[in-house]
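Here the structure is laid out as structure tokens; the discussion comes afterwards.
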Amino acid sequence: MAYSRKKVLIISPVHSNLISDLKRHKFEIKYLPNISRKKLAIEISKTYVVVLRSGIQLDKDIISKSNHLRFIIRAGSGLDNIDINEAKKRNIKVFNLPNLNSQSVAEFSFGLLISASRNIVKANIDLKKNLWNKPKLYGYELRNKTIGIIGLGAIGSRIAKIAEVFSMNVLAAVKNKGKKRPKKVKIVPLITLLKKSDFIIFSVPLNNKTKHLLNKKNSKYLKSHSILINISRGGVINEEVLYMLLKKNKIFAAATDVFLHEKKQNKLFKLKNIIVTPHIGAMTFDAQKILAEKTFEKIKNLVK
Ligand code: MLT
């Protein structure tokens, strides 16, 4: 089968600079951001480098079809959609480019938080139907409220900084308790955070330890006016539990940018008290431009 070291397959939306830079350096690019699984199984067998973001799985089955693949570049942080062990077995090197989109995701979290706490999406939908529902659109201020951040990595720390600007009390639940943390952030156990927070943001990677961090058992500690924001991964919150909390109005609202199965219909979409977005936390020109630059540099250095 014909193949060359210059073959790069890009299977997620990336900034156009990446395509033009690669073309200028005579790479043969296939840019298929909406590729189906069936087509991916064929295309991956012909490529040397694959570039991807979230929302598409490079699982064992797909990686097993990759005869000539040597490098997987994740233009972002999360590696949860790549079977790292299978790649290792086949001597395929996997790289991610962490932290370059953290500011975009942190800012987006506040977009979701304010939209949910002030009913902005609901108001927008109603008004476009000429429904002036002002009495039904009460919300909450952020000032002097408690925000609980689950995970204080690159994104969580930026969320904490923004929260201070809004004069919020900041709690955080973290894995590594020994690490030095920003002065104004109080580190607490997860249960305390769930009990005390008015707003809760999940910003942890998905792994065996973070799967279903919010579950049936601990969801009973949530305040009845709490607002949950998920900008990490769908599996971090048990989706069925979230659905029931919202359906039974056990919390005020939720907003999620991530889902257990992306690019699929979801029953959460049917609820009125949740804002849903298609994993766009990192979709800014700013973040994607720098990611394109770093992805290009990485490929250039790897494929000589
Ligand atoms: C990431 O892991 O960096 C984010 O999920 C952003 C993305 O790839 O869309």
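Just so it is clear, the values below take in all heavy atoms, side chains as well, and ignore hydrogens, waters and symmetry mates. In listed order, ligands and their atoms are each counted from 1.
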> Which of these, Lys267, Lys216, Lys247, sits in a salt bridge (charged side-chain N to carboxylate O under 4.0 Å, His left out) with Glu240?
Replying inline: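 Of all the options given, the one that passes is Lys267.
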>> Regarding atom 4 (C) of ligand 1: of the candidates His279, Glu262, Arg53, which has the closest heavy atom?
In response: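 The residue whose heavy atom sits nearest atom 4 (C) of ligand 1 is His279.
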Would you say [atom1] of [X] has more than 12 non-hydrogen atoms from neighbouring residues, nucleotides or ligands within 6.0 angstrom?
| X | atom1 | answer |
| --- | --- | --- |
| Lys223 | NZ | yes |
| Lys220 | NZ | yes |
| His225 | NE2 | yes |

Below 4.0 angstrom from a heavy atom of [X], which ligand 1 atoms are there? Numbered from 1 as shown, please.
| X | value |
| --- | --- |
| Ala282 | 6 (C) |
| Ser54 | 5 (O), 7 (C), 8 (O), 9 (O) |
| Gly78 | 1 (C), 2 (O) |
| Ser77 | 1 (C), 2 (O), 3 (O) |
| Gly76 | 3 (O) |

> Which heavy atom in Val185 sits nearest to a heavy atom in Leu171, and how many Å separate them?
Replying inline: CG1-C, 4.4 Å
> Any idea which protein heavy atom is nearest atom 1 (C) of ligand 1, and the distance to it?
Replying inline: Arg74 NH2, 3.3 Å
>> Yes or no: does Arg233 have any heavy atom under 4.0 Å from an atom of ligand 1?
In response: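 Flag set, Arg233 near ligand 1.
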> Hey, do the aromatic rings of Phe269 and Phe259 have their centres closer than 6.0 Å?
Replying inline: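 Under 6.0 Å, so yes.
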